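Some notes on the structure that comes next.
In this chain, residues are counted from 1 in sequence order. Note that the structure is a prediction, hence the values are computed from the model and not measured.
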Amino acid sequence: MLKNALVRTPSPELINGITRGKRDKADYQKALQQHEQYQRLLVEQGISVTVLEANSSFPDSVFVEDVVVCTPKCAVITRPGVLQRREEIKGLENVLPPFYDEIKKIEAPGILEGGDVLLAGSHCFIGISERTNHAGADQLTAILQQQGITATTVPIKDMLHLKTGVVYLENNTLLVNSKYQDHPAFRSFNKITADTKEASAANSLWINGTVIVPAGYPVTRSNLEDAGYKTVAVDISEFEKLDGGLTCLSIRF
């Protein structure tokens, strides 16, 4: 069972966040409302939510998952792959001690973002992407091995992060977009596939028995419910304009 989550309030500079393609500008006030609803959903699932202050120096800092990886025994402060996000880690050493006795860091030349880290039971998949390299993955693998957790890397193409298209729903089950349905790395898992027209729905969020899904993807939500999952939808349209998803908006542990 997950007990805690860290989130960071979006700042007005959110509208200047990084995007991989031409998209409409995010609406800041609407993003605030959506973020508050996201927090409420976490609380409704039994999560104690710690809200970090908005940081206007970093437009993408609302995507807090990328800067910390929480393992069973320690927190790992990452080293983001995009230079303009790298200083987002400042101050985290003061935020994490109430939750973790041990805090580790990814060091240069490693880069690693939490969106590329998929912990599935006692095994971890680490995406090798534009934001995470082998040096960063190797450092995290060594940390995990000390805890009895194995790890493998998965090359990522055409997606921002691994969890953009693959998330763990517990009970040896993954929700995947169609590109990863037959990926050999995931052959031992049961898989539920996001509808081919709803690729963004693959980034849903399992919280204590409920799957939070992004609003606007009814076929994928139906697929999850047909598989026996309780679901609830939340609108994150303003964050999707910045290539963000449900997992990006919190650190859960």
Side-chain angles (χ1 to χ4, degrees), residues 1-6 42 45-48 65-66 68-78 96 99-104 106 112-129 132 134 136-156 159 161-194 201-213 220 223-231 245-253:
M1 294 287 287
L2 297 169
K3 296 180 179 179
N4 298 290
L6 302 178
L42 293 180
Q45 307 312 315
I47 299 294
S48 176
E65 179 187 52
D66 289 327
V68 176
V69 172
C70 288
T71 78
K73 295 184 179 180
C74 73
V76 183
I77 297 174
T78 70
L96 296 168
F99 306 104
Y100 282 97
D101 293 330
E102 187 175 11
I103 300 169
K104 296 182 179 290
I106 300 299
L112 182 134
E113 294 189 359
D116 280 317
V117 180
L118 176 65
L119 187 61
S122 60
H123 188 77
C124 185
F125 297 96
I126 307 172
I128 301 300
S129 69
T132 297
H134 283 284
D138 289 347
Q139 291 178 46
L140 181 61
T141 296
I143 293 168
L144 293 170
Q145 286 176 339
Q146 294 173 359
Q147 303 177 41
I149 299 172
T150 55
T152 53
T153 58
V154 181
I156 298 302
M159 293 195 311
H161 290 126
L162 174 60
K163 281 188 290 203
T164 302
V166 185
V167 295
Y168 188 51
L169 303 179
E170 303 297 314
N171 302 315
N172 201 50
T173 300
L174 299 172
L175 174 64
V176 301
N177 74 24
S178 57
K179 294 179 181 179
Y180 288 82
Q181 173 65 39
D182 299 315
H183 196 289
F186 308 119
R187 65 168 61 92
S188 65
F189 291 86
N190 303 315
K191 289 181 279 292
I192 300 169
T193 304
N203 187 260
S204 292
L205 182 58
W206 181 94
I207 298 286
N208 298 339
T210 296
V211 181
I212 301 174
V213 298
T220 301
N223 290 347
L224 287 161
E225 292 176 346
D226 289 346
Y229 287 93
K230 176 185 175 183
T231 70
L246 284 167
T247 66
C248 311
L249 293 170
S250 62
I251 305 164
R252 304 152 306 276
F253 52 98

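A search for ring-ring contact (aromatic ring centres under 6.0 Å, His included) contacts involving F189 returns F125, not counting sequence neighbours.
Using a 4.5 Å heavy-atom cutoff, the side chains of L140 and V76 are in contact. A heavy-atom distance below 4.5 Å is found between the side chains of L169 and Y229. Contact of the Q45 side chain with the L42 side chain is not registered, since no non-hydrogen atoms from C-beta on lie closer than 4.5 Å. Residues V117 and L112 meet the side-chain proximity criterion, which asks for heavy atoms closer than 4.5 Å. Inter-residue side-chain proximity for T193 and N223 is flagged as unmet; no heavy-atom pair is nearer than 4.5 Å. Looking at L174 and N190, their side chains never come closer than 4.5 Å, going by heavy atoms from C-beta outward.
At a threshold of 4.0 Å, the pair E225-K230 does not count as salt-bridged, since none of the basic side-chain nitrogens sits closer than that to a carboxylate oxygen.
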Please evaluate residues L205 and V211 with respect to the criterion side-chain contact (heavy atoms from CB on, under 4.5 Å), reporting the C-alpha separation (whole Å), side-chain torsions for both, the decisive distance (0.1 Å), and the verdict. CA-CA 5 Å; L205 182 58; V211 181; over 6 Å; no
Under the criterion side-chain contact (heavy atoms from CB on, under 4.5 Å), I'd like the reasoning laid out for T231 against T210: C-alpha separation, chi angles, the key distance, then a yes or no. CA-CA 6 Å; T231 70; T210 296; 5.8 Å; no
Would you please test V213 and T220 for side-chain contact (heavy atoms from CB on, under 4.5 Å) and show each step? CA-CA 9 Å; V213 298; T220 301; 5.9 Å; no
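Judged purely by atom type and a 3.5 angstrom limit, T141 has no side-chain atom pairing as donor or acceptor with the backbone of Q139. Between the side chain of N172 and the backbone N or O of S188 there is at least one donor-acceptor pair closer than 3.5 Å. With D66 contributing its side chain and G115 its backbone, the two residues share a donor-acceptor pair below 3.5 Å. Under a 3.5 Å cut-off, the side chain of R252 and the backbone N or O of T247 do form a donor-acceptor pair. Side chain of N203 to main chain of L246: a donor-acceptor pair is present (N/O by atom type, distance under 3.5 Å, no hydrogens or angles). Using modelled atom types, one side-chain atom of T164 and one backbone atom of H161 make a donor-acceptor pair closer than 3.5 Å. Counting only distance, with no hydrogens or angles, the side chain of N177 and the backbone of K179 share a donor-acceptor pair below 3.5 Å. Judged purely by atom type and a 3.5 angstrom limit, T132 has no side-chain atom pairing as donor or acceptor with the backbone of I128.
With values rounded to the nearest 0.5 angstrom, I212 atom CD1 is found 9.5 Å from S204 atom OG. With rounding to the nearest 0.5 Å, the separation of NZ in K104 from OG1 in T78 is 15.5 Å. The CE atom of M1 lies 9.0 Å from the NZ atom of K3; values are rounded to the nearest 0.5 Å. Rounding to the nearest 0.5 angstrom, the gap separating the CG atom in L6 from the CG atom in L96 is 6.5 Å.
Heavy-atom minimum distance, C124 versus L119: CB-CD1, 3.9 Å. Residue F186 comes nearest to L162 through the heavy atom pair CZ-CD1, 4.2 Å, listed as atom of the first residue, atom of the second, then distance. Contact record, A202 with L175: O-CD2, 3.7 Å, taken as the closest heavy-atom pair. Of all heavy-atom pairs spanning A227 and I192, the tightest one is CB-CD1, 3.5 Å. Looking at every heavy atom in both residues, A5 comes nearest to S250 through CB-CB, 4.5 Å. Pairing each heavy atom of W206 with each of L2, the nearest pair is O-CD1, 4.0 Å.
Here the options are N4, V69, V68, the test is side-chain contact (heavy atoms from CB on, under 4.5 Å), and the partner is I251; only V68 passes.
Under the 30°/60° scheme for interplanar angles, the aromatic rings of F253 and F99 are found to stand perpendicular.
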Without placing hydrogens or testing angles, list every side-chain donor-acceptor pair under 3.5 Å for residues 145-155, not counting sequence neighbours.
{"from": "Q147", "atom 1": "OE1", "to": "T71", "atom 2": "OG1", "distance (Å)": "3.1"}
{"from": "Q147", "atom 1": "OE1", "to": "K73", "atom 2": "N", "distance (Å)": "3.1"}
{"from": "Q147", "atom 1": "NE2", "to": "T71", "atom 2": "OG1", "distance (Å)": "2.8"}
{"from": "T150", "atom 1": "OG1", "to": "H123", "atom 2": "ND1", "distance (Å)": "2.6"}
{"from": "T152", "atom 1": "OG1", "to": "H123", "atom 2": "NE2", "distance (Å)": "3.0"}

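Counted within 6.0 Å of CG on D226, heavy atoms from surrounding residues, nucleotides or ligands total more than 12; the atom is thus considered enclosed.
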